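Note that this is a predicted model, so its numbers are computed, not measured. Chain A is the first sequence line, chain B the second, and so forth, proteins listed ahead of strands; every chain is numbered from 1.
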Amino acid sequence: MENIKAVIEALIFASDAPLSLEKICIILSDVEKQEIKEALEKIVLEYNERQSGIYLQEVAGGFQFRTRPELSPWIKKLKSTKPHSLSPAAMETLAIVAYKQPIVKSEIESIRGVDVGAPLKGLLDKKLIRIVGRKDVPGKPIIYGTTRKFLEVFNLKDLLDLPNLRELKELNQQQEIVEQEIVEKTTEDISNL
Amino acid sequence: MENIKAVIEALIFASDAPLSLEKICIILSDVEKQEIKEALEKIVLEYNERQSGIYLQEVAGGFQFRTRPELSPWIKKLKSTKPHSLSPAAMETLAIVAYKQPIVKSEIESIRGVDVGAPLKGLLDKKLIRIVGRKDVPGKPIIYGTTRKFLEVFNLKDLLDLPNLRELKELNQQQEIVEQEIVEKTTEDISNL
Amino acid sequence: MDNEQTINYAIKLDIFEGPLDLLLYLIKKNEIDIYNIPIALVTEQYLQYLKMIKALNLDLAGEYLVMASTLIHIKSRMLLPVPEEPEEEEEDPRAELVRQLLEHKTFKEAAANLGERPLLERDVFTRSALLPEEVEKTNTDEEELMEISVFELIEAFHRIVSQIDKKVLMEIDLEKLSLTDIINNIMEQLSVTKSLTFEDLLKGKKDRRRIIYTFLALLELIKLRMIKAYQTSVFGVIRIFPAVES
């Protein structure tokens, strides 16, 4: 193919959600995965070098063009819609779900020290978290996890892209195991998308 | 302003309709119209020179980024691989119809506890459910059922292939249990989306 | 407690997200080492706060009281003499509370960090306009045909009739119509065009009798399996195809 880069650029641009490497590979079935990867890297570089108004971001298991964060004051002038803002309670609840998923309500409450019914409901409504299943213990409590939209909204490649928690490691030796589980879960999530 | 070109690029990219020169002038009130015009021309040139997958097109009294026409076969390929996406409300409604068909709207609503007009309409539009007939009771409510497309989309041989349908049938007298399981099944379905 | 302090407490009140938050605030305010909390001091200040909240007639969530009793309990345990030769390593009575506080603090920071990321629709924006390809796509979507039942045909028919201007319906059509003529007419047209809409058949003459006759003709043809009727969407245009390619 003459211009893989142009095709990939167009595909990512036209996709209404972050476009995964896998999907690009399916569409460009004649091109090697490695070649596609290299083209993606080149596109990222080019947009950065050009000091363009948009850039290619790896987010939610895919690639998406986004406007540069520093230009947001101008975009806000263009858009009349207000961005959805989260209350501190919702933000904290979301952080806990993000880092400790899969997690049940009572576990979140033991960390926050307060009832989290309302913030959980709000986060579900905003589709930032989702019900992953039910825990196989008495009462069958609902298990929560974050959604792909969470990754999209917070500009995250995947859950491993979450900034490291400073003190959590000391507190929780099992952290690595948890992270391993998160990786597995994420891989699953992405393949389910 | 340091980088008018980048700002204009970002504005056009983020705008939900072709962005007119006049509107750009209003947003960049400190910049001369002539300067904006020149920046626009430069952007057009740059995208052409780069042999990019997208280009800046002047349309309908404004500017808009589009994918190059010659790349449209690839875009069509992308759009055709688009997965079926259903809102949780639609998914829940669909599950209820699938398990309890033939069913009328009021019965679905008594299970979901909310109005299902919108999700029903969406499912009908997507051809996942169909109108099977009218119930012979006062008001002659419409009876819904699933379509063949529903089976195709959900990769089902037939309706008996639906998970637990047989068990559900046996339980049919114990209405409440059935409904509870549907809710659980639905929750599972939603989380699998 | 002096007046200045009272005001301070009142202002700070609504920013606390529960007892752990309040404790963290007290630790920060007193510049206390979180690993070595002077439990007597913190307990005292904590209880002062609860009194404040009560004095202001604000609802005191149960969690605050639970924490108060936890603090008092820890304080009393701290007062117990440490055995000279502990049988096994005795845990500091504050340990569990410290763990909770650290965890809570960690997630408060994590939340703050998350909030500082370039957020979609706040700091970064994606393409929101529809591409020409996408507009096309929606059109073709609607063209996707589905076979409809006689019932749906009746629905559509009813809709068409109800859309017709009442005045037009009153007009008497002098044209002589017979069902057979219309059936023949439909089949003839179908042999030429392969597909017709219900509206095509009416040829703009939307008078009641023609509509009813055309409709009856269609029902008859469907019953005889001579034609198939499809609809693009539930309230979409009805298209008629010959059942067998001629």
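- With A/Glu152 contributing its side chain and A/Pro18 its backbone, the two residues share no donor-acceptor pair below 3.5 Å.
- A donor-acceptor contact shorter than 3.5 Å links the side chain of A/Thr147 to the backbone of A/Leu128.
- Proximity to chain A is limited to the side chain of B/Tyr47, based on heavy atoms less than 4.5 angstrom apart.
- Only the side chain of B/Leu19 has a heavy atom closer than 4.5 Å to any heavy atom of chain A.
- Using a 4.5 Å cut-off between heavy atoms, B/Glu46 contacts chain A through its side chain alone, with no backbone atom that close.
- Under the side-chain hydrogen bond (donor to acceptor under 3.5 Å, both in side chains) rule, B/Glu9 has a single partner from A/Arg50, A/Gln51, A/Arg68, which is A/Arg50.
- Side-chain atoms of B/Ser15 do not come within 3.5 Å of backbone N or O of B/Ile12 as any donor-acceptor pair.
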